[in-house]
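Just below is one structure, and these are the notes that go with it.
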Amino acid sequence: MNTIVEENFSHLFDREVLKEISEVGIYKKVLAGETLIEVGSFIKYMPLLISGALKVFSENEDHEQILYFIERGDTCAMTLNCCIGNTKSEIKAVAEVESEMILVPVDKMEGWLSHKSWRKFVFESYNNRLFEMLEAIDSLAFLKLDERLLKYLQDKVLVNKSEVLTTSHLEIALELNTSRVVISRLLKKLELENKIILNRGKIEVLIY
DNA sequence: TCATTAACACGGG
DNA sequence: CCCGTGTTAATGA
């Protein structure tokens, strides 16, 4: 445990915080597609990502919206929020790819705010997530669907660390809240523009 | 104008 | 056969 924390977080935290994390943290590995946090659940642990990526949504009856991805060195701002207020989760988190993380019990971390490196980490996390959400809103409000689609694919390339995405048109349509016909048409257009190459169940992204 | 829904054909696994 | 893909036609916002 000690060495895992040392190796992955020594650039973020000072010695004391690293020690605290080592004492209470739990190592966890999840497979792609696994759900970590459900809307309405109480959050007991905060994830510190070591590898992989988590996809964070807001969700209501008929609608899902991607808010941001959490990657190595990131944590979830909504989790921080819930810890402090001890409220239910407003978001859903699913592993985008196979991911490793350290789970920190939320009741332990409140006292850590007295450590400078932890405070800095929390504020920077808030900042980053806020920025990503602004981008998500911008993309929703101002980008046309074809631009959103390309951006979505490029984001996927980043978090999957592969230019070849394994996904179907239907899956993309659901994520972007549109219909499969539209995605098929726009993907075809992107292929004709030499931005992607289409194959059954696979999309190779050429520009990112 | 552009998205959605329904419908169809084709092909791969 | 089922699923993913590409396309069209009708309808609606």
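Keep in mind that the numbers below use all heavy atoms, side chains included, and drop hydrogens, waters and symmetry copies. Note on naming: letters A, B, ... go to the chains in the order of the sequence lines (proteins, then strands), and numbering restarts at 1 for each one.
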query = Just by distance, do the side chain of A:Arg119 and the backbone of A:Leu113 share a donor-acceptor pair under 3.5 Å?
reply =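 Side chain of A:Arg119 to backbone of A:Leu113: a pair is present.
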Sequence neighbours excluded, which residues qualify as side chain to side chain contact (heavy atoms under 4.5 Å, CB included) partners of [X]?
| X | value |
| --- | --- |
| A:Val30 | A:Lys28, A:Glu34, A:Leu36, A:Ala95, A:Ser99, A:Met101 |
| A:Phe131 | A:Glu135 |
| A:Asp146 | A:Lys144, A:Leu186, A:Lys189 |
| A:Lys44 | none |

Show each protein N/O and nucleotides 11-13 of chain B N/O combination with a separation under 3.5 Å, one pair to a line.
| unit_1 | atom_1 | unit_2 | atom_2 | d |
| --- | --- | --- | --- | --- |
| B:dG11 | N2 | A:Arg200 | NH1 | 2.9 |
| B:dG11 | N2 | A:Arg200 | NH2 | 2.8 |

key: Helical bend (five base pairs per end, nearest 10°) for the helix from B:dT1-C:dA13 to B:dG13-C:dC1   =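 Answer for the end axes of this duplex: 10°.
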Which whole-number value in Å describes the distance from [X] [atom1] to [N] [atom2]?
| X | N | atom1 | atom2 | result |
| --- | --- | --- | --- | --- |
| A:Lys189 | B:dC2 | NZ | C1' | 11 Å |
| A:Glu147 | B:dC2 | CD | C1' | 15 Å |
| A:His169 | C:dG6 | NE2 | C1' | 9 Å |
| A:Ile183 | C:dG6 | CD1 | P | 12 Å |
| A:Asn199 | C:dT5 | CG | P | 10 Å |
| A:Glu191 | C:dT5 | CD | C1' | 11 Å |
| A:Leu190 | C:dG6 | CG | P | 12 Å |
| A:Leu198 | C:dT5 | CG | P | 8 Å |

key: Letter per nucleotide, 5' to 3', of nucleotides 3-10 of chain B [B base touched, S only sugar-phosphate touched, - untouched; heavy atoms, 4.0 Å]   = SBBB----
ask   = What residues, two or more places apart in sequence or in another chain, satisfy ring pair (Phe, Tyr, Trp, His ring centres under 6.0 Å) together with A:Trp118?
value = A:Phe13, A:Trp112, A:Phe121
request  = Quick one: which residue pairs count as a salt bridge (Lys or Arg N to Asp or Glu O under 4.0 Å) with a foot in residues 124-134 of chain A, not counting sequence neighbours?
outcome  = A:Asp74-A:Arg129, A:Lys120-A:Glu124, A:Arg129-A:Glu132
key: Heavy-atom side-chain contact between A:Leu153 and A:Ile172 under 4.5 Å   =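 In contact.
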remark   = Besides A:Val39, the hydrophobic cluster formed by Ile, Leu, Val, Met, Phe, Trp and Tyr side chains linked at under 4.5 Å, directly or via other members, contains none
List, one per line, each side-chain donor-acceptor pair under 3.5 Å for residues 195-208 of chain A, sequence neighbours excluded.
| unit_1 | atom_1 | unit_2 | atom_2 | d |
| --- | --- | --- | --- | --- |
| A:Lys195 | NZ | A:Glu193 | OE1 | 3.1 |
| A:Lys202 | NZ | A:Thr166 | OG1 | 3.0 |

key: All side chain to side chain donor-acceptor pair (under 3.5 Å) counterparts of A:Arg185, not counting sequence neighbours   =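 Expected list: none.
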